[in-house]
Amino acid sequence: AGEKLKEAEEGKDGVEVSKQFVEADLAGAREQLVGMDAKVREGEEKVRAVREEAKRQVERARAEVETLRQRAEAAEEGKLALQSNFATLEEEKAALAAQS
């Protein structure tokens, strides 16, 4: 009986040591998980910042395109006005030539 009690005590000590190793591994795994979670959050923040910057750049580009479109329309209107004025001047020039 003493032998079995001794074996049980040694087995109990082995289980306690194994339990401590498992708890240490678990604590290490938790630390790694916390670190990984922080890295994921940091990565998500970077992605969010890049997306926001991309949206701002797209909005700036759209505004620039709209400005250029308006300038092109104004230039076209100016060109048409000049062509009309030139045609009027050509008609007046022809009329003056016909009078002389």
Side-chain angles (χ1 to χ4, degrees):
E3 181 83 19
K4 290 202 181 227
L5 183 60
K6 185 178 176 187
E7 286 177 16
E9 284 296 322
E10 288 174 0
K12 182 180 168 188
D13 289 344
V15 167
E16 189 61 36
V17 169
S18 293
K19 181 181 171 188
Q20 289 173 354
F21 280 124
V22 167
E23 287 174 352
D25 283 347
L26 184 58
R30 283 185 181 132
E31 286 179 28
Q32 283 183 319
L33 182 59
V34 168
M36 291 174 148
D37 191 44
K39 286 181 181 180
V40 166
R41 280 194 301 275
E42 183 180 311
E44 288 171 342
E45 278 300 315
K46 287 179 181 178
V47 167
R48 207 173 354 266
V50 167
R51 283 183 179 157
E52 288 173 8
E53 179 59 26
K55 284 180 185 177
R56 283 191 293 272
Q57 288 180 3
V58 166
E59 287 304 314
R60 279 195 296 270
R62 284 182 179 151
E64 191 173 330
V65 165
E66 179 60 22
T67 299
L68 291 172
R69 186 188 62 74
Q70 290 173 356
R71 288 175 58 193
E73 284 178 7
E76 184 65 26
E77 288 172 7
K79 179 181 127 184
L80 293 175
L82 286 174
Q83 286 174 340
S84 174
N85 288 343
F86 184 74
T88 302
L89 288 174
E90 286 295 316
E91 290 171 5
E92 290 176 3
K93 179 180 164 187
L96 287 174
Q99 289 177 0
S100 44

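Heavy-atom basis, side chains included; hydrogens, waters and symmetry copies ignored. If you read the sequence from its start, that first residue is 1, and numbering goes on from there.
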Open item on the list: For Leu68, give me all partners under side chain to side chain contact (heavy atoms under 4.5 Å, CB included), at least two apart in sequence or on another chain.
Closed with: Glu64, Arg71
Task: From CA spacing to verdict: salt bridge (charged side-chain N to carboxylate O under 4.0 Å, His left out), Glu66, Arg69 - done: CA-CA 5 Å; Glu66 179 60 22; Arg69 186 188 62 74; 2.3 Å; yes
TODO: Inspect the contact between Arg56 and Glu53 and indicate whether a charged nitrogen and a carboxylate oxygen are less than 4.0 angstrom apart.
DONE: yes
Task: Gap separating the CD atom of Glu44 from the CZ atom of Arg51, nearest 0.5 angstrom - done: 9.5 Å
Task: Rounded distance [0.5 Å steps], CZ in Phe86 versus CD in Glu91 - done: 11.0 Å
Open item on the list: Under 4.0 Å between a side-chain nitrogen and a carboxylate oxygen: does that hold for Glu42 and Lys46?
Closed with: yes
Task: Pairs involving residues 24-40, ordered by first then second residue, that meet salt bridge (charged side-chain N to carboxylate O under 4.0 Å, His left out) (sequence neighbours left out) - done: Asp37-Arg41
- [ ] Give a yes or no answer on whether the side chain of Thr88 reaches the backbone of Ser84 with a donor-acceptor pair at less than 3.5 Å.
- [x] yes
